[in-house]
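The structure appears right after this line, and notes come after that.
Chain A is the first sequence line, chain B the second, and so forth, proteins listed ahead of strands; every chain is numbered from 1.
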Amino acid sequence: MNLSKVLIPVIIGALFLAFAASLPIVLWSEAGYTIRPVDQIDFLVLVAGFGIALVTASGHMMRVLRQYSQALHDVSAEDAASLVDRMVLGSDPYVVRAPVLRVQAGQVDLDGPPIVHKVGGPAKLSVDLHNVVVTSRMGTLYRILGPGFHDLEAFERVWDVVDLRPQRRTLTVEFVTRDGMPASCQVSIVCRVAPPGDGASNSRETDAPPSFGYDVEAILRVTTSKCVRKVEGSHRVVDWVTGIVSDVLEETVRDRLELHRLDEFLNPQYGLEDEDGPPRIATSPKLITDLESEIEAEVRAKARERGVVVDRVEMGTVRPAEDAISRQWLEFWQAKLQKGIDRYTMEAQASHEQLAANARFEARVTFVNRMLEEMQSYHEEGLTVPPQLVIASFMEVLHSMGNLWPEARQVLMREAANLMRVVGALQEGDVRGPASSPSLPDEQQTRSR
Amino acid sequence: MPGVTVRIGLLALYLAGMVVLNRALRDRLPVSDAPKGAMAGSMTASPWSAVIWIWGPTLWFVPGLLWYGILGLPLLLLLLLSLSLPLTCYALFLWRSRVLPSYVGGGVLLMTLLFVLVAVTTPGLSHAKFVLFTVSLVLPALFSIWLLTVWASQVVPLGCACEDPSRPISTVPRWRRALFLVLGYFTGRPKSTWVVEDGQLHTRIAGNPWMGYGPGLLITEPENVVVLTSGSRIGRVAGPGVVFLERGEAPYRVVDLRNQVRSARVDSITSDGIEVTTQVACSFRVRRGQAEVRLGESWPYRNQRDVLQVLFTEEVDPSGRSPLDAHTAHPWEDLPTQVAAHKLEQALSFYTLDQLYAGIVDPLSALAEDDPQVALLKVHRRLEAALGLLASDRRREGDRPVDRLTRSTVDDLVWRAVREALLPRGLEAYAGRIVGPIVPSNHGVTEQRVEAWKSRFIVKVMDWHAGVERKRFAALEKIRQEAREKLLAEMVDETSRRLQAGSGSNSQDLVAYCILSILIKMAGVPEVQQLLPESAMPALEQLQQQVGVDPERKGEL
């Protein structure tokens, strides 16, 4: 209840009544004075004049202060009048209705009353669920107001709003690996302003509806640790979440990732089975989940100093910045596939009839060439080649083939019966037939069968 | 009866005048014509302007005229008394409020006393009526003065009680200061009122800091202070909050006490001649020591000297500026980044490119003389000395160095150097870092690194190809082997078969003839013939002819 609202009318009334009471005494106190209607009119005129002067005095002082406020706060005449009325007479639902400024979704309603934005109270402040407001009043931070309906005092303004809901931000951290490879990694953080105490009350099983608690110290720390990054313009002040992301998260992630070589994050060679070839160079790839938990612990500790609780940090995979690296990985992957294809193709080729026929032709050519080589010198000199030489050459070729290719010897062993027949014919000069030729054990066994 | 009519007419005029004046004055301000930021105050402005602007519209003399014909005084005297009695109240009030000089107040008082004396000595005057007449004039005037006094302190922001007790204004009660401000404004020549909004200084009431009436006013945000000048001298640091300004004081600069962050690109050359680029960010603020921001207290700073020192660090650098603003100083907020960028540029040049990405990964081996990490440690120590820093044990755990990443170590060293450089300038760098990766300016360097990295993959792929080739050759060899086996078997089998077909007349000629026949048959296959020399077939046929075999037997074979 504002004192002026009661006191001023009381004083005006008292003065008015005192004047009205004293006026007849002064005017008509003479003995035997008869009060005429004209005297009554004079009385009314003087009383009205005095009353008007009193009311005018108060009204014009309000006008004076409105004009001063209008100039001081650079607001419209209507806003200044409304402001001075509220300051002097206080807010009243019937006489002077206080403007209501709403705070929701982490920000002040920009369509709210401009006078409250600019000058502040007296006004009503409606703070939505999961928001906290820090107010300032005449150069100092004044109060921290949680969700609810509040009365803003004179010149009390909304200085900052903190959204208590978990905040998610995603950032791409660019870094250079230990072996000088530019790479990047997408990281997300989910954080919120620290709840009161250790936050255990939130996790306790109770029937009470859950709510976003806040710690006054944490709110103050979060709002006063904002950074100014330029003198003017939009986004000149970095909010607390951006501060955590750029100062804490980005720095921690980069410091951690730059400790490793590129192949430690992602190395296609590592998963290969042991094969012949150069020894494996890469060490075991660092699992992103391990890094994530290490980074989360570090970020959590740093954020706590700023009054912020980190719910979780989510790391994406490390991606090389250079296309050449991705291309190389692709080529490597292609080569891995191609290896199987090559092997299959080769096997298919090997079983191909044409290849076999070619091989047969090659073998025949080799044989004929070898025979000719043996007999060529006689033939070139114009000498008659004796049959013995043909046979000897044949045997020599067989012999040398047996020496050169082990499989040829096995063939000769297999074809021993036939071969013995030829050899027998050569030795005896007149072969009698297979029955008279020396028999081999295999042949005897075959016959007996 | 005519007297009553006049009085009723005056009352009606009084009411009508109120309404008209109220409407006329609604959107008019005493000093609204003065341009913002200009030193306002017209020559016509005077203390009487306050009387006219504040009380003039109340038409204070009209209620006194209503007494015409009742009080028994001549109209002129009644008018003079109606004017002067409330005016005396206003004049004395303005004199007490330092708006009117004492001699003017005294003069008005004497003049009023004279009028009263004349009135009192007028024959037939009822003293009781005169007293009531006087009361009816003075009471509304005093009431308005009281209201103004009470309400001004509610409407004018008076700020907190934390102010310099040595200032003369601090001896004046707050309600009176508020009154001084309002009265000064209505004189038409006030001292100026400034407001800091979003870090920018705005003139709200243009005035004259030297000649203006009342005190000046400065309202800052919680996070700002304002350096005031008095004439051409630096005066004091005002704020944060509401500050009353004294004669001659005017704002010079606004200093933001909040944390500041600025970033800059840094180009440097490593000790092995590779140009590198990175980004540096510096977080700093005006020195506040260990003080924390608290509710209900001013934003802390260590002392005025630090704030003033901050402004004296501003440098004039015409490079890159137009001739118009060549002599404008760069803001103090740019200084920490400049210092940091310079130190970082120097620091990076101590390392080779590989060292910049390296670090002490194995503290134990880093103690061995032949380890490359020892060289890196030596560079760290050399940089520490070059930056003029005392050797720090912070990066050592026991006897083992923990410089896991060169970038972090450089960060740490540079920021120690920056911090020390900024402290005497009133600034504290509370955090600083290389915000981006250190990357070679020339992309060719990165490409070369990628090529080197690729080699291990290429070796592996080549190895795979070689393996497949090996297998292919082995398979081919197997096919050939099979072909040779088949050929030999066929040869021997064919020879034997033909000898058998010779029905017991085998001779060496016949065997030779058989062999040659088989060879000719083999060579006669077109695919084989293509691979043999052209002379092969004739040579074989000639050889066959040379072997003497009966023509009859040839048919058998």
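- Looking at B/Val293 and A/Arg221, their side chains never come closer than 4.5 Å, going by heavy atoms from C-beta outward.
- With rounding to the nearest 0.5 angstrom, the CZ atom of A/Arg254 is 10.5 Å from the OG atom of B/Ser408.
- Contacts of B/Gln260 with chain A are made by both backbone and side-chain atoms, with heavy-atom separations under 4.5 Å.
- At a 4.5 Å heavy-atom cutoff, the contact between A/Glu258 and chain B is made by backbone and side-chain atoms alike.
- No side-chain heavy atom of B/Pro437 sits under 4.5 Å from any side-chain heavy atom of A/Val173.
- Among A/Gly49, A/Ala321, A/Ala154, the residue with the largest count of heavy-atom pairs under 4.5 Å with chain B is A/Gly49.
- A 6.0 Å sphere centred on CD of B/Glu292 holds no more than 12 heavy atoms belonging to other residues, nucleotides or ligands.
- Going from atom OG1 of A/Thr224 over to atom CZ of B/Arg294 covers 10.5 Å, rounded to the nearest 0.5 Å.
- Annotation: maximal heavy-atom pairing with chain A below 4.5 Å, among B/Leu10, B/Leu181, B/Val62, occurs at B/Leu181.
- Heavy atoms of B/Gln200 lying under 4.5 Å from chain A belong exclusively to its side chain.
- Of the listed residues (A/Val134, A/Leu220, A/Leu83, A/Thr366), the greatest number of heavy-atom pairs within a distance under 4.5 Å of chain B belongs to A/Leu220.
- For a residue to count as touching a neighbouring chain, one of its non-hydrogen atoms must lie under 4.5 Å from one of that chain's; by this rule B/Leu66 touches chain A with backbone and side chain alike.
- When side chains are defined from C-beta on, A/Lys230 does not count as touching B/Glu333, because their heavy atoms never get closer than 4.5 Å.
- B/Leu158 is not listed as a side-chain neighbour of A/Phe155, based on a closest heavy-atom distance of 4.5 Å or more.
- Using a 4.5 Å cut-off between heavy atoms, A/Arg63 touches chain B through its side chain atoms alone.
- Looking at heavy atoms from C-beta onward, B/Met18 lies in side-chain contact with A/Thr56 at the 4.5 angstrom threshold.
- Closest of all the heavy-atom pairs between A/Met87 and B/Val155 is SD-CA, 3.8 Å.
- Counting heavy-atom pairs closer than 4.5 Å to chain A, the top residue among B/Thr220, B/Val195, B/Asp256, B/Val435 is B/Val435.
- Interface remark: A/Leu15 contributes side-chain atoms only to the contact with chain B (heavy atom separation under 4.5 Å).
- Of the listed residues (B/Ile219, B/Leu516, B/Val439), the one with the most heavy-atom contacts under 4.5 Å to chain A is B/Leu516.
- Formation of a donor-acceptor pair under 3.5 Å by the B/Arg262 side chain with backbone atoms of A/Val228 is found in this model.
- One distance of note links CG of B/Leu147 with CG of A/Leu65; it measures 9.5 Å at 0.5 Å rounding.
- For B/Ile54, the parts lying under 4.5 angstrom from a heavy atom of chain A are both the backbone and the side chain.
- Your options are A/Val45, A/Val237, A/Leu262, A/Asp179, and the one with the most heavy-atom pairs under 4.5 Å with chain B is A/Val45.
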- Could you please spell out the steps behind the side-chain contact (heavy atoms from CB on, under 4.5 Å) verdict for B/Leu295 and A/Thr140? CA-CA 7 Å; B/Leu295 287 178; A/Thr140 57; over 6 Å; no
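- With a threshold of 4.5 angstrom between heavy atoms, B/His202 does not approach chain A through any atom at all.
- By the 4.5 Å heavy-atom criterion applied to side chains, A/Phe50 and B/Pro63 are not counted as neighbours.
- Heavy atoms closer than 4.5 Å to chain A are found in the side chain of B/Glu197, but not in its backbone.
- Looking at B/Trp67, the atoms closer than 4.5 Å to chain A (heavy atoms on both sides) sit in the backbone and in the side chain alike.
- When each of A/Ile12, A/Ile25, A/Leu54 is scored by its heavy-atom pairs under 4.5 Å with chain B, the top score falls to A/Leu54.
- Heavy-atom pairs under 4.5 Å with chain A peak, among B/Asn224, B/Val243, B/Val182, B/Thr193, at B/Val182.
- Among A/Val64, A/Ile8, A/Val84, the single residue meeting the side-chain contact (heavy atoms from CB on, under 4.5 Å) criterion with B/Trp151 is A/Ile8.
- No part of A/Val119 comes within reach of chain B, as not one of its non-hydrogen atoms sits under 4.5 angstrom from that chain.
- The candidate with the highest count of non-hydrogen atom pairs below 4.5 Å against chain A, out of B/Leu15, B/Leu59, B/Thr58, B/Leu356, is B/Thr58.
- A/Asp247 is listed as a side-chain neighbour of B/Arg433, based on a closest heavy-atom distance under 4.5 Å.
- The minimum heavy-atom distance between B/Arg449 and A/Gly180, with the atom names listed, is CD-O, 3.4 Å.
- When side chains are defined from C-beta on, B/Ser136 does not count as touching A/Leu46, because their heavy atoms never get closer than 4.5 Å.
- If you tally non-hydrogen atom pairs under 4.5 Å between each of B/Ala358, B/Gly199, B/Ser283, B/Gly69 and chain A, the highest count goes to B/Ala358.
- At a cut-off of 3.5 Å, with distance as the only test, no side-chain donor of B/Glu221 or A/Trp159 sits close to an acceptor on the other residue.
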- Query: Does the side-chain contact (heavy atoms from CB on, under 4.5 Å) test come out yes or no for A/Leu27 and B/Lys129, once each step is laid out?
  - Reply: CA-CA 7 Å; A/Leu27 292 178; B/Lys129 285 181 183 174; 3.8 Å; yes
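- Put simply, of A/Asn369, A/Val176, A/Val216, the one with the most heavy-atom pairs under 4.5 Å next to chain B is A/Val176.
- In this structure, the portion of B/Glu223 lying under 4.5 Å from any heavy atom of chain A is its side chain and not its backbone.
- Between B/Pro157 and A/Leu72 the shortest heavy-atom distance is CD-CD2, 3.6 Å.
- Only the side chain of A/Arg236 has a heavy atom closer than 4.5 Å to any heavy atom of chain B.
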- Could you go step by step and tell me if B/Asn22 and A/His60 meet the side-chain contact (heavy atoms from CB on, under 4.5 Å) rule? CA-CA 8 Å; B/Asn22 257 331; A/His60 274 282; 3.7 Å; yes
- Give the C-alpha distance, both sets of side-chain angles, the deciding distance and a yes or no for side-chain contact (heavy atoms from CB on, under 4.5 Å) between A/Asp255 and B/Arg407. CA-CA 8 Å; A/Asp255 283 356; B/Arg407 189 174 53 76; 2.5 Å; yes
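- Counting heavy-atom pairs closer than 4.5 Å to chain B, the top residue among A/Arg178, A/Gln67, A/Met61, A/Glu174 is A/Arg178.
- The nearest pair of heavy atoms linking B/Pro222 to A/Ser136 is CG-CB, 3.4 Å.
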